[in-house]
Amino acid sequence: MNSPYQPLPTFDEVLLCTPQTTSEQVELFLRRCLSPSSRGEKIYTMLYADELSYDVSSRAEELFQCLQHHNNMYRLVILCNCNREHSHIPSVFSQYKVPMIPQRPLAEIQRYLQDHYRVTQPLSSAASVFKDNMCVGIVSSKRAGVGK
């Protein structure tokens with residue numbers, strides 16, 4: 001987000017981890033990130049890596065150790081829940097831990113996201129449902145199970 005013109009990450013740059021994420025999915029992601037052809041051009045991000053099962057985490061660690069020797073020009077960000085910092089992946093990568101502090105004011109971050117998620121031609125788009133023709137939105141409720 002150094003420039004308002006920088007694009008958002010593409011689908012191949014982000015892996016949203018859950019307890020059901022397979023080792024094959026993590027392997028494909030790490031191979032994309034650590035392949036010598038990537039040359040550090042993209043920023044790859046694993047979200048909620050602490051959610052991975054121990055077996056998947058262990059295999060991911062082994063693969064990472066093997067592949068990183070072939071490419072030292074990668075950019076990988078691993079985001080984890082601080083309440084689960086003792087799970088396998090956060091423990092393995094703890095030597096690289098960096099506290100995450102937003103570098104931009106909240107208003108600037110919101111403006112950047114609005115610029116990238118606004119539908120320019122909302123004629124018959126589902127985006128017309130959300131405020132200001134946004135193609136994404138957050139729906140929440142203080143009461144559980146009320147049909148969100």
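Note that the coordinates shown come from a computational prediction; the quantities given were computed from them, not determined experimentally.
- Both Val92 and Tyr96 belong to a common hydrophobic cluster when Ile, Leu, Val, Met, Phe, Trp and Tyr are linked at side-chain heavy-atom distances under 4.5 angstrom.
- Clustering ILVMFWY residues whenever any of their side-chain heavy atoms sit less than 4.5 angstrom apart, transitively, puts Val77 in the very cluster that holds Leu16.
- To the nearest 0.5 Å, the span separating CG on Leu76 from CG on Leu30 amounts to 7.0 Å.
- Nearest approach of Pro9 to Val14, heavy atoms of both residues: CB-CG2, 3.8 Å.
- Atom CG in Leu67 sits 9.0 Å away from atom OG in Ser35 (nearest 0.5 Å).
- Leu79 and Asp50 get closest at one heavy-atom pair: O-OD1, 4.3 Å.
- Transitive grouping of hydrophobic side chains (ILVMFWY, heavy atoms separated by less than 4.5 Å) keeps Phe64 and Tyr54 in distinct clusters.
- Ser91 is not listed as a side-chain neighbour of His88, based on a closest heavy-atom distance of 4.5 Å or more.
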Using ring pair (Phe, Tyr, Trp, His ring centres under 6.0 Å), reason through Tyr44 and Phe29 one step at a time and then give a plain yes or no. CA-CA 8 Å; Tyr44 291 88; Phe29 178 78; 5.8 Å; yes
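- Ser58 places no side-chain N or O within 3.5 Å of a backbone atom of Asp55 that could act as its donor or acceptor partner.
- The residues Arg32 and Glu13 are annotated as not salt-bridged, no charged nitrogen and carboxylate oxygen being separated by less than 4.0 angstrom.
- Side-chain contact between Ile43 and Thr45 is present, with heavy atoms from C-beta onward closer than 4.5 Å.
- The heavy-atom pair separating Ile109 from Arg104 by the smallest distance is CD1-O, 3.6 Å.
- Taking CD from Gln25 and CG from Leu15, the interatomic distance works out to 6.5 Å, rounded to the nearest 0.5 Å.
- In this structure, Val56 and Ser23 approach most closely via the heavy-atom pair CG2-N, 3.8 Å.
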CA sep, side-chain torsions, deciding dist, call: Leu52, Met46, side chain to side chain contact (heavy atoms under 4.5 Å, CB included): CA-CA 11 Å; Leu52 296 173; Met46 289 178 71; 3.9 Å; yes
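- Take Asp12 and apply the salt bridge (Lys or Arg N to Asp or Glu O under 4.0 Å) test, not counting sequence neighbours, and it matches Lys42.
- Taking Arg111 as the reference, nothing meets the salt bridge (Lys or Arg N to Asp or Glu O under 4.0 Å) condition, with sequence neighbours excluded.
- Between Cys17 and Tyr48 the shortest heavy-atom distance is CB-O, 3.3 Å.
- Side chains of Ser87 and Arg84 form a contact here, defined as non-hydrogen atoms less than 4.5 Å apart.
- Rounded to the nearest 0.5 Å, atoms NZ (Lys97) and SG (Cys80) are 9.5 Å apart.
- Side chains of His70 and Leu34 form no contact here, defined as non-hydrogen atoms less than 4.5 Å apart.
- Nearest approach of Ile78 to Ala49, heavy atoms of both residues: CG2-CB, 3.5 Å.
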